[in-house]
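A short write-up of the structure that comes next.
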Amino acid sequence: MNEVGESLNFIEHIVEEDLRNGYTKAELRFRFPPEPNGYLHIGHASSICLNFGLGLRYNAPVNLRFDDTNPAKEEQEYVDAIKKDVEWLGYTWDTERYASDYFQQLYDWAVLLIKEGKAYVDSQSSEEMAKQKGTPTEAGIDSPFRNRTVEENLTLFEGMRRGDYEEGTHVLRAKIDMKSSNMLMRDPIMYRVLHKSHHRTNTDWCIYPMYDWTHGESDYIEQVSHSLCTLEFAMHRELYDWFLDQVTDPKKLRPKQREFARRNLSHTVVSKRKLLQLVEQNAVNGWDDPRMPTISGLRRRGFTPESIKNFVNTIGIAKRENLIDVSLLEFHAREHLNKIAPRVMGVLNPLKLVILNYEGEEEWLEAENNPEDETAGFRKVPFSRELYIEQEDFKEEANRKFFRLKLGGEVRLKNGYIIKAESCTKDTEGNILEVLCTYDPKSKSGSGTEESLRKVKGTLHWVSIKHAVEAEVRLYDRLFTDESPDTHKDKDFMEFINPESLKVITGYLEPSLKSAQVGDRVQFQRLGYFCVDPDTTSEKLVFNRTVGLRDVWAKIQQRD
RNA sequence: UGGCCUAUGGUGUAAUUGGCAACACAGCUGGUUUUGGUCCAGUCGUUCUAGGUUCGAGUCCUAGUAGGCCAACCA
């Protein structure tokens with residue numbers, strides 16, 4: 001960790017305290033328990049890093065456990081995607097588990113509870129039961145079926161399991177306390193009838209256990225020491241403990257549930273349900289759309305696992321409400337990409353520039369691949385009489401703050417020569433068509449001549465027109481215009497979708513990029529970090545902009 | 001007319017468990033630079049309120065205020 005002296009988050013403090021109070025290190029065990037009903041997002045990354053980070057810290061095993069108790073929503077596709085994402089982040093689970101592995105054990109325990117008079121079959125509609133449940137401020141009332149005999153309950157539950165009953169006719173309920181101030185303790189449902197095929201158990205079962213009944217018992221079966229979940233489960237802890245009380249052997253380790261606040265990221269939503277809605281309503285092009293805050297979306301966007309983990313570690317873990325600015329995530333992307341991304345030149349908004357006094361056909365200039373990495377080496381880039389520069393890099397007239405090219409002014413072409421703008425041509429509407437300039441042949445970069453050492457304020461990137469490689473470039477902006485789109489009581493989050501979150505343009509790139517492979521990450525100098533999208537084919541290169549460079553000039557312009 | 005949780009700079013998280021409120025990001029100034037990038041230096045600014053305990057309170061107690069969560073055969 002850090003040399004200065006590490007600071008622990010509150011979960012780590014709890015573990016340290018448990019270690020002082022009798023837990024042995026060998027007893028420590030954690031789990032990451034996703035439901036396979038959607039793709040993992042940046043919020044899950046926090047949970048993954050927390051649990052697997054604890055595993056690394058204490059050299060303790062961490063299970064990957066799929067919480068697959070609801071066959072109506074869960075699919076193998078999601079299981080595969082989740083495993084891929086966890087692996088991509090760089091973590092290794094001890095064993096791969098499924099709550100469905102425990103269906104028989106759970107059933108046996110449920111029978112035990114019935115025999116002890118602690119569970120009963122209720123045969124009312126969900127509406128009737130909801131009515132009896134009361135409200136947070138009013139006690140509930142007992143179900144008319146609450147006092148069925150053990151034999152009757154056993155017979156009915158066995159029938160439920162056999163498939164004798166239709167969905168919605170019977171449920172198994174824990175007999176706890178309809179007057180509890182905790183709504184979850186008012187005889188919660190343990191099993192419901194569901195005649196649906198399960199992605200792993202197929203049609204073996206037609207009753208499925210509910211989350212509360214399943215989760216703590218699964219932790220107990222796996223001997224998980226610390227079961228960490230988000231704050232909305234805090235009220236479930238009492239029930240988690242109640243269910244555990246019914247089955248635990250005091251000689252075995254008893255799991256402990258603790259809750260932390262989920263991380264909210266600005267300008268997006270971090271909820272599987274809402275992300276699914278974006279996918280289903282085609283607001284984005286799938287779960288791995290680079291605008292999505294999913295792990296797969298961030299991967300496709302060009303984020304590195306390191307940048308995500310660094311982000312997660314700096315935002316930490318706590319119990320209070322939070323809204324983390326997405327710019328912090330972008331900072332970590334830049335920080336890592338700055339070290340590893342080769343520099344290349346590409347022009348996204350081309351303006352033709354002609355060097356009037358350039359006599360040669362072409363020449364190949366030496367260019368440094370990465371000034372942050374001495375081992376990155378050099379490459380050659382072609383230079384010729386006609387180049388593209390960015391439209392924003394030329395103005396006929398501009399004040400002293402503008403370091404770029406203006407008529408009569410000089411700039412250096414990166415890795416090339418110092419040029420001077422002499423004139424420009426325009427169409428009938430006044431749009432600039434091309435810039436005509438002259439160059440100083442003695443000013444070639446790296447030549448060591450007096451002229452080459454001259455300081456000019458501006459340096460522009462460029463690309464030789466006849467050598468340029470065309471590519472589709474996808475520029476992304478925030479998916480939502482509001483920093484917290486799903487917290488408005490009077491407005492749906494879909495109303496805040498940014499209509500300009502994706503802009504597709506054609507870029508003109510230096511020819512070395514012809515051989516770029518899917519997933520390659522580069523810095524287009526002075527523009528940002530880009531990566532090669534999987535849509536790339538042998539005929540067409542496709543780049544995603546991961547994140548732009550920090551842009552002081554944009555800020556200066558904004559102020560004016 | 002309930003229960004549970006939370007409150008530290010603009011944002012996020014710390015504070016050796018009662019002992020000088022710190023780190024990162026963002027902002028602002030300046031320096032270096034063949035990327036208006038990177039890097040370097042400097043700077044701004046914080047314990048929700050009111051009482052109490054204490055030599056000493058961000059930390060403990062009481063009350064208040066504000067925010068979040070709790071009534072799916074979802075997880």
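Here the structure is a predicted model, which is why all the values come from computation and not from measurement.
Across all strands shown, A/L549 has heavy atoms under 4.0 Å from base atoms, whether or not it also approaches the sugar-phosphate. Counting non-hydrogen atoms under 4.0 angstrom, A/D212 reaches nothing in the nucleic acid. Nucleic acid contact class of A/L460 (heavy atoms, under 4.0 Å, all strands): none. A/M210 comes within contact range of the sugar-phosphate backbone alone, with a heavy-atom separation under 4.0 Å but no base atom that close. As judged by a 4.0 angstrom heavy-atom cut-off over every strand, A/Q124 is placed among the base-contacting residues. Within 4.0 Å (heavy atoms only), A/A234 reaches no atom of the nucleic acid at all. Backbone-only engagement by A/K555 is indicated by non-hydrogen atom pairs under 4.0 Å involving sugar-phosphate atoms exclusively. At the heavy-atom level, A/S445 lies under 4.0 Å from base atoms of the strands shown. Among the protein residues, A/R186 comes within range of no part of the nucleic acid, since none of its heavy atoms lies under 4.0 Å from any strand. Backbone-only engagement by A/F331 is indicated by non-hydrogen atom pairs under 4.0 Å involving sugar-phosphate atoms exclusively. Residue contacts for A/H13: at a heavy-atom cut-off of 4.0 Å it reaches a base atom on one of the strands shown. Backbone-only contact: A/E35 has heavy atoms under 4.0 Å from sugar-phosphate atoms and none from a base. Within 4.0 Å (heavy atoms only), A/H236 reaches at least one base atom of the nucleic acid. Residue contacts for A/R559: at a heavy-atom cut-off of 4.0 Å it reaches the sugar-phosphate backbone alone, with no base atom in range.
Of the possible donor and acceptor atoms, none in the side chain of A/Q132 sits under 3.5 Å from a partner among the backbone N and O of A/M129. The backbone N or O of A/K309 lies less than 3.5 Å from a partner atom in the side chain of A/N313, making a donor-acceptor pair.
In summary, the side chains of A/E128 and A/S125 do present a donor paired with an acceptor at a separation below 3.5 Å, with no hydrogens or angles considered. Counting only N and O atoms by type, the side chains of A/R262 and A/S46 include no donor and acceptor under 3.5 Å apart.
Ion pairing between a basic and an acidic side chain is recognised when a charged N comes within 4.0 Å of a carboxylate O; A/R65 and A/D101 show no such pairing. The existence of a salt bridge linking A/E410 and A/R454 is confirmed by a sub-4.0 Å separation between a basic side-chain nitrogen and an acidic carboxylate oxygen. For the pair A/E330 and A/R478, the salt-bridge criterion is met [side-chain N within less than 4.0 Å of a carboxylate O].
In terms of phosphate contacts, A/R526 brings a side-chain nitrogen or oxygen within less than 4.0 Å of OP1 or OP2 of B/G36. Between B/G3 and A/T137, no contact under 4.0 Å exists linking OP1 or OP2 to a side-chain N or O. Of the side-chain N and O atoms in A/K319, one or more sit less than 4.0 angstrom from OP1 or OP2 of B/U6. Between A/K73 and B/A75 there is no side-chain polar atom (N or O) within less than 4.0 angstrom of OP1 or OP2. The side chain of A/R192 places an N or O atom within less than 4.0 Å of a non-bridging phosphate oxygen (OP1 or OP2) of B/A75. Contact annotation: A/R550 does not reach the phosphate of B/C25 (side-chain N/O to OP1 or OP2, under 4.0 Å).
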For this session: Report the C-alpha separation of A/N369 and A/R379 in whole Å, then their side-chain angles, then the decisive distance to 0.1 Å, and conclude whether the side-chain contact (heavy atoms from CB on, under 4.5 Å) test is met.
Result: CA-CA 7 Å; A/N369 286 330; A/R379 69 186 185 289; 3.0 Å; yes
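A donor and an acceptor atom never sit less than 3.5 Å apart when one is taken from the side chain of A/R320 and the other from the base of B/G67. Scanning atom types as modelled, no donor and acceptor separated by under 3.5 angstrom connect the side chain of A/E368 and the base of B/U34. At a cut-off of 3.5 angstrom, the base of B/G36 holds no donor-acceptor pair with the side chain of A/Q557. Within 3.5 Å, a donor on the side chain of A/R412 pairs with an acceptor on the base of B/U34, or the reverse.
For the side chain to side chain contact (heavy atoms under 4.5 Å, CB included) test with A/D486, the passing option among A/V269, A/N264, A/T268 is A/V269; the others fail.
Mapping A/S327 and A/K444 onto RNA chain B via the closest heavy atom, the residue that lands nearer the 5' end is A/S327.
Rounded to a whole angstrom, the distance from the P atom of B/U13 to that of B/A57 is 26 Å.
The interatomic distance linking A/K133 (NZ) with B/C73 (C1') rounds to 10 Å, in whole Å.
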Give every pair of a protein N or O atom and an N or O atom of nucleotides 68-70 of chain B that lie under 3.5 Å apart, one pair per line with the distance.
unit_1 : atom_1 : unit_2 : atom_2 : d
B/G68  : O2'    : A/E321 : OE2    : 3.1

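In RNA chain B, runs of at least 3 stacked Watson-Crick or G-U pairs (N1-N3 plus N6-O4 or O6-N4, or N1-O2 plus O6-N3, all under 3.5 Å) give these stems: B:2-7 with B:65-70, B:10-13 with B:22-25, B:27-31 with B:39-43, B:48-52 with B:60-64.
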